[in-house]
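Note sheet for the following structure.
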Amino acid sequence: MMKCLRIFLPALLLVSGLATVLTESTPKHVCETKNGTSCEDCLRNVTCLWCIKTKSCVTYPVKTILPPHSLCPLDDARWGLCWMNFQTLIITLSVLGGILIIALLVCMFCCCKCENFGAKRFEAKMQRQANKTKTKQEERRAEMKQRHQEIRQKYGLSGPNPYARFS
């Protein structure tokens, strides 16, 4: 079973890698064939970018991350949604990302703070319990001394020891 898995797994990875390479090597000008159509038709393919100014569908330049101004200005570029320009999309995603990061930091701070608060509360509880135990022990010790003193008085042993050496 293990031997079969050792042979099968690399073969599967090789086939999936080749499939990825072959799908990436399909014609890169698929988007350009949609020139003259509408924004919705162009944006059905996620690799396409619609430019309102030139009314053209172009392949999204993934190497530059943001499309260059010469290709299409950011406020005229549409990607993913026809009603939202690329500039608004970038700003919205940046703000959402910032909010998520701040929320994560606040949660981490609160968790650490609460954990420390809980530890301090636990330590205070343990200290109170130790003090209570110590007080009870001292009370029992005092009661035992009192009882022993009463027994000594009852049997007349509370005075000086009669068996002490005479000096």
Side-chain angles (χ1 to χ4, degrees), residues 1-140:
M1 174 70 181
M2 197 65 159
K3 203 177 217 184
C4 181
L5 188 62
R6 285 184 184 173
I7 294 170
F8 182 68
L9 188 61
L12 182 68
L13 289 173
L14 180 68
V15 170
S16 65
L18 287 174
T20 305
V21 168
L22 290 175
T23 55
E24 289 178 0
S25 65
T26 55
K28 294 184 179 184
H29 301 289
V30 172
C31 297
E32 282 72 10
T33 60
K34 301 209 177 188
N35 280 339
T37 61
S38 67
C39 176
E40 290 81 17
D41 289 338
C42 175
L43 296 184
R44 283 191 184 131
N45 188 347
V46 292
T47 61
C48 297
L49 176 77
W50 179 258
C51 186
I52 290 181
K53 192 174 192 179
T54 59
K55 294 191 186 321
S56 61
C57 186
V58 292
T59 303
Y60 186 85
V62 290
K63 290 181 182 172
T64 59
I65 299 174
L66 295 176
H69 189 73
S70 60
L71 184 65
C72 188
L74 283 180
D75 52 339
D76 290 331
R78 303 289 189 260
W79 181 73
L81 301 169
C82 290
W83 54 270
M84 183 183 290
N85 68 25
F86 204 77
Q87 194 169 13
T88 307
L89 183 69
I90 291 170
I91 292 169
T92 304
L93 291 177
S94 300
V95 168
L96 289 175
I99 289 172
L100 284 174
I101 289 171
I102 290 171
L104 181 69
L105 291 175
V106 167
C107 286
M108 287 173 50
F109 176 76
C110 287
C111 287
C112 292
K113 189 80 170 170
C114 290
E115 187 176 305
N116 287 341
F117 180 71
K120 288 177 184 175
R121 191 173 10 171
F122 180 72
E123 287 175 14
K125 180 181 176 185
M126 293 301 288
Q127 186 66 33
R128 282 193 309 269
Q129 196 172 9
N131 289 342
K132 197 183 291 185
T133 305
K134 194 174 187 180
T135 306
K136 283 182 182 179
Q137 187 177 14
E138 287 173 1
E139 287 174 0
R140 279 184 289 193

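- The shortest side-chain heavy-atom distance between Val30 and Asn45 falls under the 4.5 Å cut-off.
- To the nearest 0.5 angstrom, Met84 atom CE is 11.5 Å from Ile90 atom CD1.
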Item to check | Criterion side-chain contact (heavy atoms from CB on, under 4.5 Å) on Cys31 and Val58, from CA distance to verdict | outcome: CA-CA 5 Å; Cys31 297; Val58 292; 5.7 Å; no
Checklist entry - Could you walk me through whether Tyr60 and Thr47 pass the side-chain contact (heavy atoms from CB on, under 4.5 Å) check? => result CA-CA 5 Å; Tyr60 186 85; Thr47 61; 5.5 Å; no
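- Disulfide criterion (SG-SG under 2.5 Å) for Cys72 and Cys51: met.
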Checklist entry - After noting the C-alpha distance and the side-chain angles of Lys34 and Trp50, does the key distance pass the side-chain contact (heavy atoms from CB on, under 4.5 Å) rule? => result CA-CA 10 Å; Lys34 301 209 177 188; Trp50 179 258; over 6 Å; no
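- With hydrogens and angles ignored, the 3.5 Å screen pairs no side-chain donor or acceptor of Glu40 with any backbone N or O of Cys82.
- Cys57 is not listed as a side-chain neighbour of Glu32, based on a closest heavy-atom distance of 4.5 Å or more.
- Summarising the geometry, atom CD1 belonging to Ile91 is positioned 12.0 Å from atom CG belonging to Leu96; distances are rounded to the nearest 0.5 Å.
- Pairs engaging residues 72-86 under the side-chain hydrogen bond (donor to acceptor under 3.5 Å, both in side chains) rule: Asn85-Thr88 [sequence neighbours left out].
- A heavy-atom distance below 4.5 Å is not found between the side chains of Thr54 and Asn35.
- Shown here is Leu105, whose CG atom has more than 12 heavy atoms of other residues, nucleotides or ligands within 6.0 Å.
- Residue Lys125 holds its NZ atom at 14.0 Å from CD of Gln127, rounded to the nearest 0.5 Å.
- A distance of 6.0 Å separates CG in Leu66 from CG in Leu74, rounded to the nearest 0.5 Å.
- Once rounded to the nearest 0.5 Å, the distance linking NZ of Lys136 with CG of Asn131 reads 12.5 Å.
- Pairing of Cys42 with Cys48 by a disulfide is not supported, the SG atoms lying 2.5 Å or further apart.
- Between the CZ atom of Arg44 and the OG1 atom of Thr37 there is a distance of 9.0 Å, given to the nearest 0.5 Å.
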